[in-house]
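Keep in mind it's a predicted model, so treat the numbers as computed, not measured. When a ligand or atom number is given, it counts from 1 through the structure's own listing order.
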Amino acid sequence: MKYVSLPEIMTAKVISICNLKGGVGKTTIVMALAEYLAGDTMYGKRVLVIDLDPQSNLTSALMSEEVWEKEFNNKGLTLPFLFKNPEYFLEDAKKEKFIAKNNISNVRNRNSFSHLHLIPSSPRLFDIQDDLPPGYYSCNLKPVELIRAILKPLLNNYDYILIDCAPNINTVVRSAFLASNACIIPCVPNRMSIHGLDLLLEHIDKFNRDYVHNLKAVGTLISRYNRTIAQTEQLNSLLVNPFYPPVFETKILERAKIAEGLELGNYLTYRQKYDDSHESMMKLAQEFIHKVGR
Ligand SMILES: Nc1ncnc2c1ncn2[C@@H]1O[C@H](COP(=O)(O)OP(=O)(O)OP(=O)(O)O)[C@@H](O)[C@H]1O
Ligand SMILES: [Mg+2]
């Protein structure tokens, strides 16, 4: 008997980028991973990024203020509206309206993005915690289940879904964890970031027990590395301690150009935007694919 193999249906890997410490480079890394994974001249992956942080830094880095204001915020198509009115978004016909699909990122030249999409945020997400129902929405979902429910019908449309988390643990961040297969933890090799990492790992353990989930930390990603003796000592402590998730071989150096990259400006090439970190970012995307899977 002859077996005909069916084409494999690719379903997205959902990855949260998180650390309880602020300013460790989470948003910068989500932006760079998205741009390098999705670029037509790079890896050509189908990528959706979700800005789950009320600071909305990822949204400002990837989409023009005018488009955000007119096309999304004024129309109630940002994450806080989604958390307030899940019924509206879960209706089939409307479900993709809150996804920005055009002109995401300012990296251009020979490159374009056939499939780089963004679910934008707004500072109103700050208020949302207090308004969330303690139990269920009328659509029979709990707030913590919302992101997973929103993503379920979209999983076949993407290779990777990256979620930029706020530096804390609340229902919104837990909703990202529940929707995710794995997480990546950016960490600056200094004492306080490592404390943030310790605490996050404890919270992930507790989260997995409470929600019977299996969120795995695929790696610690060293970011804003300036190779000082103090940082190198902290890095070594991460490398030798088996308690920590494996450290990515690629390290992101502290660079002024990378910091400028969070400001959405004129169209730039990868090299103009990332300067001498261009090769590292390419390697990071490759290592990401290797660690997370295709
Ligand atoms: N590799 C880097 N080199 C230099 N500056 C960087 C680098 N990565 C991030 N920065 C800068 O550090 C600041 C914090 O970065 P970013 O916003 O990515 O961190 P975050 O972890 O998302 O912060 P938050 O917890 O506030 O969301 C920003 O001003 C950013 O431009
Ligand atoms: Mg951030």
Q. Does the ring-ring contact (aromatic ring centres under 6.0 Å, His included) test come out yes or no for Tyr211 and Phe207, once each step is laid out?
A. CA-CA 6 Å; Tyr211 290 88; Phe207 172 85; 4.8 Å; yes
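- In this structure, CD1 on Ile163 lies 9.5 Å from CZ on Phe177, to the nearest 0.5 angstrom.
- Connection of Ile185 to Leu33 is not established within any shared hydrophobic cluster, with ILVMFWY side chains joined at heavy-atom distances below 4.5 Å, either directly or through further cluster members.
- Shortest non-hydrogen contact noted between Met42 and Tyr36 is CB-O, 3.1 Å.
- Going from atom CD1 of Ile50 over to atom CG of Leu118 covers 9.0 Å, rounded to the nearest 0.5 Å.
- Phe72 and Phe98 have their aromatic ring centers separated by at least 6.0 angstrom.
- Between Pro54 and Pro123, the closest side-chain pair of non-hydrogen atoms is not below 4.5 Å.
- Lys291 forms a cation-pi arrangement with Phe248, by the criterion of a distance under 6.0 Å to the ring centre and an angle within 45° of the ring axis.
- Sorted by chain and number, the heavy-atom contacts of ligand 1 below 4.0 Å come from Gly22, Gly23, Val24, Gly25, Lys26, Thr27, Thr28, Asp53, Gln55, Pro167, Arg224, Ile252, Leu253, Glu254, Arg255, Ile258, Ala259, Leu262.
- Counting heavy atoms from C-beta outward, Glu69 and Lys75 have side chains that stay 4.5 Å or more apart.
- Here 1 is the count of protein N, O or S atoms positioned under 2.8 Å from the Mg ion (ligand 2), waters not counted.
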